[in-house]
Amino acid sequence: MAFSYRVSLQIRHPDADPQRIIAAIAQPLRRCWAAGDARETPQGTSLPGTYGQSYCAFDFGNGSDGELADFLRQALAKLEPAAAFIAELRRTGGTLNFFITWTPGERGEVFDVELLAAMARLGIDLGIEPIC
């Protein structure tokens, strides 16, 4: 049995306008807020305080084919047009990461040096959370 996965891109920045991020990334948005917005749950229930930084999470999709490395290559190709914008976000204090939830199967995956170098060139970190 191949493993399954879900990939999102999380962007955090001290004060960037989420609408600019959304326009530049041009992928399906899962959730976002601006620094200083009132905090709330994903369902819209108010929480105490305000957000200390801007945040956007984009849904890149999922698969159950065990081909995560190829999926990430395709995601990077979609982000390449935003490379200058991403560099500006990082230069001004932002962070970006692919956040992957991974349901293990009978085998693992290899992220080769070319894939890792492409992520590094765009300034995207990698986070993996196994789900058992």
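Sequential numbering from 1 along the given sequence is applied to the chain's residues. Because only heavy atoms are used, hydrogens play no part in the values below, and waters and symmetry mates are left out as well, while side chains stay in.
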- line: Taking every heavy atom of Cys32 against every heavy atom of Leu29, the minimum-distance pair comes out as SG-CD2, 3.9 Å
- prompt: Could you go step by step and tell me if Asp59 and Arg31 meet the salt bridge (Lys or Arg N to Asp or Glu O under 4.0 Å) rule?
  reply: CA-CA 9 Å; Asp59 186 13; Arg31 190 153 188 234; over 6 Å; no
Which atom of Pro14 lies closest to which atom of Gly93, heavy atoms considered: CD-O, 3.5 Å
- request: Would you mind reporting whether Arg6 and Thr103 have side-chain heavy atoms less than 4.5 Å apart?
  value: no
message: Can you give me the closest heavy-atom contact between Ala16 and Ser54, atom names plus distance?
response: O-OG, 2.6 Å
- request: Step by step, work out the side chain to side chain contact (heavy atoms under 4.5 Å, CB included) result for Gln53 and His13.
  value: CA-CA 6 Å; Gln53 62 183 347; His13 191 277; over 6 Å; no
task: Please list all pairs passing the ring-ring contact (aromatic ring centres under 6.0 Å, His included) test where one or both residues lie in residues 19-46, with sequence neighbours left out.
output: Trp33-Tyr51, Trp33-Tyr55
message: Could you check whether any side-chain N or O of Asp70 sits under 3.5 Å from a backbone N or O of Glu67, counting only pairs where one atom can act as donor and the other as acceptor?
response: no
message: So, taking the atom named OG1 in Thr95 and the one named CD1 in Ile124, what distance separates them when rounded to the nearest 0.5 Å?
response: 11.0 Å
query: What's the shortest heavy-atom distance between Ile128 and Pro130, and which atoms?
result: O-CD, 3.8 Å
Verdict with supporting geometry, Leu68 and Ile100, side chain to side chain contact (heavy atoms under 4.5 Å, CB included): CA-CA 9 Å; Leu68 178 55; Ile100 299 164; 3.9 Å; yes
query: Rounded to the nearest 0.5 Å, how far does CD1 of Ile25 lie from CD1 of Ile11?
result: 4.0 Å
query: At their closest point, which heavy atom of Ile131 faces which heavy atom of Pro104, and how far apart are they?
result: O-CD, 3.2 Å
field: Trace of the salt bridge (Lys or Arg N to Asp or Glu O under 4.0 Å) decision for Arg73 with Glu80
entry: CA-CA 11 Å; Arg73 283 184 187 84; Glu80 192 59 42; over 6 Å; no
query: Do Phe99 and Leu89 share a hydrophobic cluster, counting only Ile, Leu, Val, Met, Phe, Trp and Tyr and linking them when any side-chain heavy atoms are less than 4.5 Å apart?
result: no
Rounded distance [0.5 Å steps], CD in Glu109 versus OH in Tyr5: 8.5 Å
- line: Taken to the nearest 0.5 Å, the spacing of Asp65 CG from Phe3 CZ works out to 7.5 Å
- request: Please lay out, stage by stage, how Arg30 and Phe58 fare under the test side chain to side chain contact (heavy atoms under 4.5 Å, CB included).
  value: CA-CA 5 Å; Arg30 179 178 294 167; Phe58 298 91; over 6 Å; no
statement: In Arg90, Met119, Gln10, the residue satisfying side-chain contact (heavy atoms from CB on, under 4.5 Å) with Leu96 is Arg90
- request: Check whether any side-chain N or O of Thr92 sits under 3.5 Å from a backbone N or O of Glu88 as a donor-acceptor pair, and report yes or no.
  value: yes
task: To the nearest 0.5 angstrom, please state how far the CG atom of Leu76 sits from the CZ atom of Phe98.
output: 4.5 Å
- request: Can you see which heavy atom on Val110 is nearest to which on Ala69, and at what distance?
  value: O-CB, 3.7 Å
message: Distance check, rounded to the nearest 0.5 Å: Leu115 atom CG versus Phe71 atom CZ?
response: 12.5 Å
